[in-house]
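The next block holds one structure in the form of structure tokens; read it before the comments.
The figures here come from the full heavy-atom set of this structure, side chains too, leaving out hydrogens, waters and symmetry mates.
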Amino acid sequence: AEMERCILLRFGHSWDPLCQKMDEMLEQLYPEISLMFSVFKVDISDVTDFTKLYELYDPCSLMCFFQKKHVLCDFGQGPSNKCNWVVHNVAELRQFLLQISSNSKSEDNLAHVLSTARQ
């Protein structure tokens, strides 16, 4: 079952207000998404290996992986390796994660995500 779940990484700092809001929404959704995602919080000050590799310079970023492959997201402006803006509410985050989960198993590893959060 673990191999069928996506890995969701939240990069940022636990003291950052944007990360705190994202963490609250992820915790609220966890009962719904726990069969689809393993969720991990990664402090970019403690784990610096990914900072340059994935250009993690935003206060809070979400990245997904499935079976050791990075899931790219298309938010309408071409493929992106992360969500690096504020997701405004739980419903929008739920939609984002459900689309990631349902599309992560595609051969091109590209999830086409409809989101109004991108600014």
Inset, instruction - Run the numbers on Arg94 and Met25 for side chain to side chain contact (heavy atoms under 4.5 Å, CB included), then give the verdict. - result: CA-CA 9 Å; Arg94 179 185 297 111; Met25 289 190 292; over 6 Å; no
Quick check: do [X] and [Y] have side-chain heavy atoms less than 4.5 Å from each other?
{"X": "Leu98", "Y": "Ser101", "result": "no"}
{"X": "Val39", "Y": "Ile33", "result": "yes"}
{"X": "Met36", "Y": "Cys6", "result": "no"}
{"X": "Leu26", "Y": "Arg10", "result": "yes"}

Inset, instruction - Walk me through it: do Ile100 and Leu62 pass the test side chain to side chain contact (heavy atoms under 4.5 Å, CB included)? - result: CA-CA 11 Å; Ile100 292 281; Leu62 292 178; over 6 Å; no
Inset, instruction - Group every Ile, Leu, Val, Met, Phe, Trp and Tyr by side-chain heavy-atom contacts under 4.5 Å, then state whether Val47 and Tyr57 land in the same group. - result: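 They do not share one cluster, since no chain of ILVMFWY contacts under 4.5 Å joins Val47 to Tyr57.
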Legend entry - Single-linkage hydrophobic cluster Phe40~Trp15, side-chain heavy atoms < 4.5 angstrom: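 Not linked; separate clusters.
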Inset, instruction - Examine distances only and state if a side-chain atom of Lys21 and a backbone atom of His88 form a donor-acceptor pair shorter than 3.5 Å. - result: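 Yes, because the side chain of Lys21 sits within donor-acceptor range (under 3.5 Å) of the backbone of His88.
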I need the [X] [atom1] to [Y] [atom2] distance, nearest 0.5 Å.
{"X": "Leu8", "Y": "Met63", "atom1": "CG", "atom2": "CE", "answer": "10.5 Å"}
{"X": "Glu27", "Y": "Met22", "atom1": "CD", "atom2": "CE", "answer": "12.5 Å"}
{"X": "Gln28", "Y": "Asn89", "atom1": "CD", "atom2": "CG", "answer": "10.0 Å"}
{"X": "Cys64", "Y": "Leu97", "atom1": "SG", "atom2": "CG", "answer": "6.5 Å"}
{"X": "Cys19", "Y": "Ile44", "atom1": "SG", "atom2": "CD1", "answer": "7.5 Å"}
{"X": "Phe11", "Y": "Cys60", "atom1": "CZ", "atom2": "SG", "answer": "10.5 Å"}

Inset, instruction - In sequence, state the C-alpha distance, the side-chain angles, and the governing distance for Leu35 and Glu4, and then conclude on side chain to side chain contact (heavy atoms under 4.5 Å, CB included). - result: CA-CA 9 Å; Leu35 295 177; Glu4 295 302 313; over 6 Å; no
Inset, instruction - Decide if atom CZ of Phe50 counts as having more than 12 heavy atoms of other residues, nucleotides or ligands within a radius under 6.0 Å. - result: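 No.
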Legend entry - Over 12 non-hydrogen atoms of neighbours within 6.0 angstrom of CD in Glu55: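 No, not enclosed.
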Legend entry - Closest approach of Arg5 to Ser38 (non-hydrogen atoms, all atoms of both residues):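 It is NH2-OG, 2.7 Å.
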Inset, instruction - For residues Cys83 and Val87, report the shortest heavy-atom separation together with the two atoms involved. - result: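 Reported closest heavy-atom pair: SG-CG2, 3.9 Å.
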